Novice: 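The structure is given below, and queries will be raised subsequently.
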Amino acid sequence: MLDIELIRENPEAVKAGLTKRGMQTAIVEEAAKLDVRRRELLTEVETLKAERNAVSKEIGVMKEKTDREKKIAAMRSVGEKIDALDSELKEVDEKLNGIMAVIPNIPFDNVPAGGEADNQVVKEWGEKPEFDFEAKPHWDLGPELGIINFDQGVRVTGSRFYVLSGAGARLQRALIAWMLDLHIRQGYTEKYTPFIVKEVTVFGAGQLPKFKDNLYKDYEEDLYLVPTAEVPLTGLHMDSILEADQLPLRYTAYSPSFRREKMSAGRDVRGIKRGHQFDKVEMYKFTVPEASQSEFESMVADAEATCQALGLPYRLLLKAAGDTSEAAHISYDIEIWAAGCKEWLEVSSISLVGDFQARRAAIRYRPKGGKGTAFVHTINGSGLGLPRTLIGVLENNQQADGSIVIPEVLKTWMGGIDVIRPEAG
RNA sequence: GGAGAGGUGCCAGAGUGGACGAAUGGGGCGGUCUCGAAAACCGUUGUGGUCUUAUGGGCCACCGAGGGUUCGAAUCCCUCCCUCUCCGCCA
């Protein structure tokens, strides 16, 4: 959520941000109008309330009956006016909040304008593996090794579900454990959070209202399955005021992510690249505004280090405004090269959110030496999405006989397995 | 799931219709005292909104959440949420 004052004082900047994302700007005017109306109503209704408060106090100490009755009658009609204005105010408030909830964050100046096609590759790391045989995609490798079973996923649940088996399941678990340990060494505190959350929690992270159709919801309890650990992590400090010396808070969390993927029906249906349920290790930071840029950069480096340690060739993309998430000022994507399906796969998206989520979720802090409170800045990034990382590991480390060499860093968790062979499944 | 108790400021805890944004104690902050500290004493100490010729002030709102009654609600009524204790049941 943007600061309404920004719309009041610099609507052009807000419009420019929307334009950069390829959006219409009419809602800015609408918000500005509602804001003016809101304050008119406030002034009016608060004057009446002040009057009522003052007279009610008098009534409390009055002895004379007739006067007293007169004042009570007068206040009764003031009360009616207040009720009418209050309900109009409520309407205006709701409209304004509705609009404010869909105005995205303003992209930084260095974010390229445009959509997905305008994303800029800013860095490439590692060599794409060369094979002297035809590299197989994971949807062939997995079933052949007996470590990915698509049929069973469909049998149990439906399309876009799969089952990992034996060394495959273990490999994913190894990746999760290793990544968490890595992030702990990088200075993050591990969190285990609920995977089912309240609506306000989803709203706070900025996933609602926009992604309503992409979320799984328990209508009986009014709860949502998390689409990413970013949601519960943002929620950890909802409605609270942190002390400046507590910051920065750096968290890492493993969680499954549940997405209905209604918006990408028919896309990426093959393999495990895009499922309704996938695991992820997330990084998240709460910082003071002055530190958010450097904390953002170090998070990008932390995510890159994960790919590097696994020996996965990757490229770093600066996302264009239209492809940057609503909540973010700026985002980088990390895409790893998958040698079998021969494509770049997004395994991480790191976003500097500024105070956008903090304002929605009411996460504040007391600036040192300063007065009052201010909103914290938040930064989030995947410490890699699991299925796609798994794809990279499988496809890039395959050998002519169809076996997979386990990356060195994961061996501790693989119980002595250093090569996955068909019989290991 | 059943029965009961309760949710008030940073914490503890009072307040059952009017002078209560809220007693009292603790903590924090500032000060006096001191070579310094402790103790003691004095002062101060919430958040948000809005208005304002404004480094200050006015007003409004907030005592779990949302409604209602009333001239007036922390206080009365309704609904919901949460916590604790006991019983039952299932991981």
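No experiment lies behind these values; they were computed from the predicted model shown. Proteins get letters first, then strands, A, B, ... in listed order; numbering begins at 1 in each.
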Novice: Rounding to an integer number of Å, can you tell me how far A/L85 CG sits from B/rU50 C1'?
Specialist: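 In whole Å, B/rU50 C1' lies 15 Å from A/L85 CG.
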Novice: Categorize A/R359 for me: base, sugar-phosphate, or nothing, with a 4.0 angstrom heavy-atom threshold over every strand shown.
Specialist: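 Nothing, no nucleic acid heavy atom in range.
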Novice: Identify the two heavy atoms, one from A/T324 and one from A/K319, that lie closest to each other, and give their separation to 0.1 Å.
Specialist: OG1-O, 3.6 Å
Novice: For B/rG6, which nucleotide is its Watson-Crick or G-U wobble mate, given both distances must be under 3.5 Å?
Specialist: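 Pairing partner: B/rC82.
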Novice: Can you tell me the pairing partner of B/rC20 across any strand shown, Watson-Crick or G-U wobble, with both distances under 3.5 angstrom?
Specialist: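 For B/rC20, the partner nucleotide comes out as none, under the 3.5 Å rule.
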Novice: Tell which nucleotide pairs with B/rC35, taking only Watson-Crick or G-U wobble pairs whose two distances are both under 3.5 angstrom.
Specialist: none
Novice: For A/K71, give me all partners under side-chain hydrogen bond (donor to acceptor under 3.5 Å, both in side chains), at least two apart in sequence or on another chain.
Specialist: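 A/E58.
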Novice: Name the pairing partner of B/rG46, where a pair is Watson-Crick or G-U wobble with both distances under 3.5 Å, or state none.
Specialist: B/rC62
Novice: Encode nucleotides 58-75 of chain B as B, S and - characters from 5' to 3', where the letter depends on protein heavy atoms closer than 4.0 Å: B to the base, S only to sugar-phosphate, - to neither.
Specialist: -BBS-----S---BS---
Novice: For B/rC29, does OP1 or OP2 lie under 4.0 Å from any side-chain N or O of A/R366?
Specialist: no
Novice: If the threshold is 4.0 Å, N to carboxylate O, is there a salt bridge linking A/D213 and A/R260?
Specialist: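 No salt bridge links A/D213 with A/R260.
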Novice: With rounding to whole Å, what would you report as the distance between B/rG13 and B/rU8 at their P atoms?
Specialist: 9 Å
Novice: For the pair A/Y254 and A/F195, name the ring-plane relationship: parallel under 30°, tilted 30 to 60°, perpendicular over 60°.
Specialist: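 A/Y254 and A/F195: perpendicular rings.
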Novice: Please check: side-chain N/O of A/Q120 versus main-chain N/O of A/L318, any donor-acceptor pairing under 3.5 Å?
Specialist: no
Novice: Any idea which heavy atoms bring A/I99 and A/A31 closest together, and the distance?
Specialist: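 Where A/I99 meets A/A31 most closely, the heavy atoms are CG2-CB, 3.9 Å.
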